[in-house]
Amino acid sequence: MTQRIFDGHNDVLLRLWRRDRTGERFFGENSEGHVDLVRARRGGMVGGIFATFVLDEARPKGAPREGSVEAPPVGLSQERALAVTLSQLAIAMRIERASAGAVRLCRSTRDVEAAAEAGAFAMMLHMEGAEAIGADLDELEVLYAAGVRSLGLVWSRPTIFGTGVPFRFPSTPDLGDGLTERGLALVKSCNALGVMVDVSHLNAKGFWDVARVSDAPIVATHSNAHVLSPGSRNLTDAQMDAIRDSEGVAGLNFATFFLREDGRRDANTPIDVMRRHLDHMLEKLGPRGVALGSDFDGALVPSAIGDAAGLPRLIAAMQASGYSADLVDAIAYRNWLDVLARTEAIGRRGTGAAARH
Ligand code: ZN
């Protein structure tokens, strides 16, 4: 039987926003990109966390995103960020409506489980960077109502909430200041709503601020082991210790820039390099702390995987190195659902507390 996979990070909505805002392209098999419904099903991918992402205003359209060190970030107005975010969320909603039940926007772990049981594809919504949210956080409430359940406080650029980690290799992630007062308030608001806080693009000081103030598990949806690929975007062992202490999760990023010890963007990167990251992450985070965060449609991935249809080759590599069936299922599926459930539980507590005042 094909192993079911729930993936922690992809940029499908960005690709569709650039190419086809009706979302129709998602249903047929595409020769471009990494994920559509046909290839996802073939690979055992039953759902995932779908990001909205707003490009820098001056960034060239075709430029690679993750690991792009060519152009320094130029920032982004809230007005533009909100408009593009809503446009990308609208694509997800059109896909759900056009799918006649085959795709479901999921607002809770219960929704994901129900979708998986019904054989429907589960889409959970994430925002990669909070530029669409203003200082008073009003937009967070509305975006939550629209289904957003996971939020990257920053992408790799400075915002009113904190400083995203710039792409550098080799480099420590300790680049720039920590979260602002507004950033700390955003973390607390996410906790109260049960929205997952994603530290993947945060710098080190921001990471430790989240570790200090967040009531929820620390989650890095798509980051690898710094000790094996020493770039600014990967997690140091000390950061992984903190994630483990919080009962959090890190998702293996398939981007070769974050996998390789030389930090190169090179599709000719063996699956064994991915397995070595998984081994190290398991050692640091434990069997309940490791998941997948492919970065499909946002990065160059090993040609040995290719696209969502190639996911069984990663599963086979795990099995070949002796991971038990239970461990493979935890990494591929269960760990995301469990950490989302733990985050939802914090939110139920937070909402209750707020209602009493
Ligand atoms: Zn990213």
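Counting starts at 1 for both ligands and their atoms, in listed order.
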Could [X] and [Y] be called an ion pair, given the rule that one side-chain N must be under 4.0 Å from one carboxylate O?
X: Lys205; Y: Asp209; answer: no
X: Lys284; Y: Asp241; answer: yes
X: Glu24; Y: Arg94; answer: no

* To do: Verify the neighbour count for atom CG of Asp272: are there more than 12 heavy atoms of other residues, nucleotides or ligands below 6.0 Å?
  =>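 Yes, the 6.0 Å shell around CG holds more than 12 heavy atoms from other groups.
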
* Between the Zn ion (ligand 1) and Asp11, is there an N, O or S atom separated by less than 2.8 Å? ->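 So Asp11 does not count as coordinating the Zn ion (ligand 1).
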
* Asked: What angle, to the nearest 10°, do the atoms NE2 (His201) and NE2 (His222) form about the Zn ion (ligand 1)?
  ->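 Rounding to the nearest 10 degrees gives 100°.
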
* Closest to the Zn ion (ligand 1), which N/O/S atom of Glu128 is it? -> OE2

